[in-house]
Protein chains: 4
Amino acid sequence: MARGVNKVILIGNVGGDPEVRYLPNGNAVANITLATSDSWKDKQTGQQQERTEWHRVVFFGRIAEVVGEYVRKGSKMYIEGRLQTREWEKDGVKRYTTEIVVDIGGQMQLLDGKPQGGEQGMAPRPQQQRPAQQPAQRPAQQAPQQSAPQQPAPDYDSFDDDIPF
Amino acid sequence: MARGVNKVILIGNVGGDPEVRYLPNGNAVANITLATSDSWKDKQTGQQQERTEWHRVVFFGRIAEVVGEYVRKGSKMYIEGRLQTREWEKDGVKRYTTEIVVDIGGQMQLLDGKPQGGEQGMAPRPQQQRPAQQPAQRPAQQAPQQSAPQQPAPDYDSFDDDIPF
Amino acid sequence: MARGVNKVILIGNVGGDPEVRYLPNGNAVANITLATSDSWKDKQTGQQQERTEWHRVVFFGRIAEVVGEYVRKGSKMYIEGRLQTREWEKDGVKRYTTEIVVDIGGQMQLLDGKPQGGEQGMAPRPQQQRPAQQPAQRPAQQAPQQSAPQQPAPDYDSFDDDIPF
Amino acid sequence: MARGVNKVILIGNVGGDPEVRYLPNGNAVANITLATSDSWKDKQTGQQQERTEWHRVVFFGRIAEVVGEYVRKGSKMYIEGRLQTREWEKDGVKRYTTEIVVDIGGQMQLLDGKPQGGEQGMAPRPQQQRPAQQPAQRPAQQAPQQSAPQQPAPDYDSFDDDIPF
DNA sequence: TTTT
DNA sequence: TTTT
């Protein structure tokens, strides 16, 4: 239940390959940064300006596994999540980090064009090692190592019971 | 799974008390109309103009039951759903009706102020009769017939396992 | 001014080349249909199901000209607009059509990959004929007939003073 | 122009009266914090949990003046803006603060019920002092000091040419 | 750190 | 710091 609405919608490019790890309970967590840019013409100088905004996005659960397998540096993505600010400490000083959380209730979608096939194509990456004694509740089907031509760009919303493609 | 994004976000006022009915499988369906308005000043005449847009919204499942119990004519609501156009026929002519569907994956929230208490307050309406042989999969807890002062305005997103307040 | 919120966000594929026309006041109008799809596995039969939703989208003003020049059948687009239902009559019978209106306050973005260059590339199409006596208030700069390699995918929000690329 | 989409939609309660100030160019800036809450039942303990998220929201321009006049501690608001992270320094250490920026292209709406009239009602607060030598480009019409019964809850989107009520 |  |  929510009192209020807390929704973030982003389309941008991924800054680096995702880092996926597993929580003690076996749930996957994936982190990426996503860039969105604005450009405008300065009213005074007439110069074209550009500003890139970097967003920290963290995925949980099944969607994190999909991100780990299919998202790469440079990928164009749609994501829908919620804002969350974490408190942490360094040298005894409190710091705050704001992230976009994408879990159940969120959504993601890869917007890159169709894979071209070949080794560069849309083949999923081999899955990260998961601690054997803590299996994920919803293990992903083992994906083939080699790309399939014409394999569609994956997308995901949290209500699927199956792998998203 | 979705290919693409199909999202509608509305805040408006409800045109009449919801109509709730039950599908053969026991799932609830609730229909409302929701009004949003725009006003602007006509550039030529300088006159203030106003246009009200009426939206057909249909809720399914547990959220439909909540709507049936708590939403009333005049309620101010936030809803998040998806567009769907149905085809139907009348006098041999095909017609189309576009609705906003709110089910799992959607969200709703009542934005009315605090209930004032008393008989006019936020007490849930008695539930509609449901066919006894087809119980809903997630029957709502029987709500009290009389209003409780300070009872919070209900809201709902589809991931709750319990009654929404 | 708005009382309420009326917002639609879509990502989908364009069903056909846009039709652009000009209003008597010189403003451009562009119409497209946009497909979004859902797929799911039927709980009873276990069969994979798919449903495609077709949305009527209408653009006004400068953004309509950009659509006319750059959007094509098959283009993948992000659009943000508002719902509007028009009443019309045929054979003395009232009909209703619901459209997503994208004008000032809305946004669109082409999500197709980089142009490949060459005749198939991202070169704008020649502009439609516009009635000479009714120049658009914000005429588009005449775009070159031939594609430029590396020309970026256009996007647009209504606050730009310049052509969007 | 934007490459990508950067959109935040919030409905929540305001944590304190807005602080309004004026930039050297005469533009108004208003800051608020907005609370959204989630509650859920812990799966292990069965305990009801609640988490409140506080969002920093900053308004620019005409919309900031409206916020300064009408928004108060406890107000329920809808806002639509974009994420922006600012870098600042304290004791030689870089810090980052993420805010939701609402300016042209954004939207806000007060969701509180109709004012009850009387001194507690929806009367605008007296406007802050503005440096006389740097008038705002779009000065607000001087609002009456006393409340009017039945005055509608103000709302605002950036495309209005007039005061928003 | 992405992308154009 | 809000709200329920």
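So you know, we letter chains A, B, ... as the sequences are listed, proteins then strands, and number each from 1.
Side-chain atoms of D:Asn13 lie closest to F:dT2 of the nucleotides E:dT2, E:dT3, F:dT2. Each of F:dT2, E:dT3, E:dT1 was ranked by its minimum atom distance to the side chain of A:Lys73; first place goes to E:dT1. Side-chain proximity of A:Thr52 to the nucleotides E:dT2, F:dT1, F:dT3 is greatest for E:dT2. Listed nucleotides: E:dT1, F:dT1, F:dT3. Nearest to the side chain of D:Ser37: F:dT3. In the set E:dT1, E:dT3, F:dT1, the nucleotide with an atom closest to the side chain of D:Thr33 is F:dT1.
Between the CD1 atom of D:Ile11 and the P atom of F:dT3 there is a distance of 17 Å, given to the nearest Å. D:Leu10 places its CG atom 21 Å from the P atom of F:dT1, with the value rounded to the nearest Å. Atoms CG (D:Leu34) and C1' (F:dT3) sit 10 Å apart, rounded to a whole Å. Distance CG (D:Asp17) to P (F:dT1): 14 Å, rounded to an integer number of Å. One interatomic measurement links the two molecules: CG of D:Leu111 to C1' of F:dT3, which rounds to 13 Å at whole-angstrom precision. For D:Met77 and F:dT1, the CE to C1' distance is 15 Å, given to the nearest whole Å. The separation between D:Gln48 atom CD and F:dT3 atom P is 20 Å, rounded to whole Å. In this structure, the CZ atom of D:Arg72 is 14 Å from the P atom of F:dT3, given to the nearest Å.
Partners of D:Gln47 according to the side chain to side chain contact (heavy atoms under 4.5 Å, CB included) rule, which considers only residues two or more places apart in sequence or in another chain, are D:Thr45, D:Gln49. For D:Thr52, there are no side-chain hydrogen bond (donor to acceptor under 3.5 Å, both in side chains) partners at least two apart in sequence or on another chain. Every residue meeting the side chain to side chain contact (heavy atoms under 4.5 Å, CB included) condition with D:Ala64, not counting sequence neighbours, appears here in chain and number order: D:Ala28, D:Ala30, D:Phe59. Not a single side-chain hydrogen bond (donor to acceptor under 3.5 Å, both in side chains) links A:Thr33 to another residue, sequence neighbours left out. For D:Arg82, the salt bridge (charged side-chain N to carboxylate O under 4.0 Å, His left out) partners are D:Asp103, not counting sequence neighbours.
Within the nucleic acid shown, A:Thr36 has no heavy atom closer than 4.0 Å to any nucleic acid atom.
The aromatic ring of A:Trp54 sits over the base of E:dT1, with ring centres less than 5.5 Å apart and planes inclined by under 30°.
DNA chain F is contacted by no residue of residues 78-86 of chain D, taking any non-hydrogen atom closer than 4.0 Å.
Screening A:Arg86, A:Gln84, A:Arg56 for a side chain to side chain donor-acceptor pair (under 3.5 Å) involving A:Glu99 leaves a single residue, A:Arg86.
Put simply, the side chain of B:Met77 does not reach to within 4.5 Å of the side chain of B:Leu10, judged on heavy atoms.
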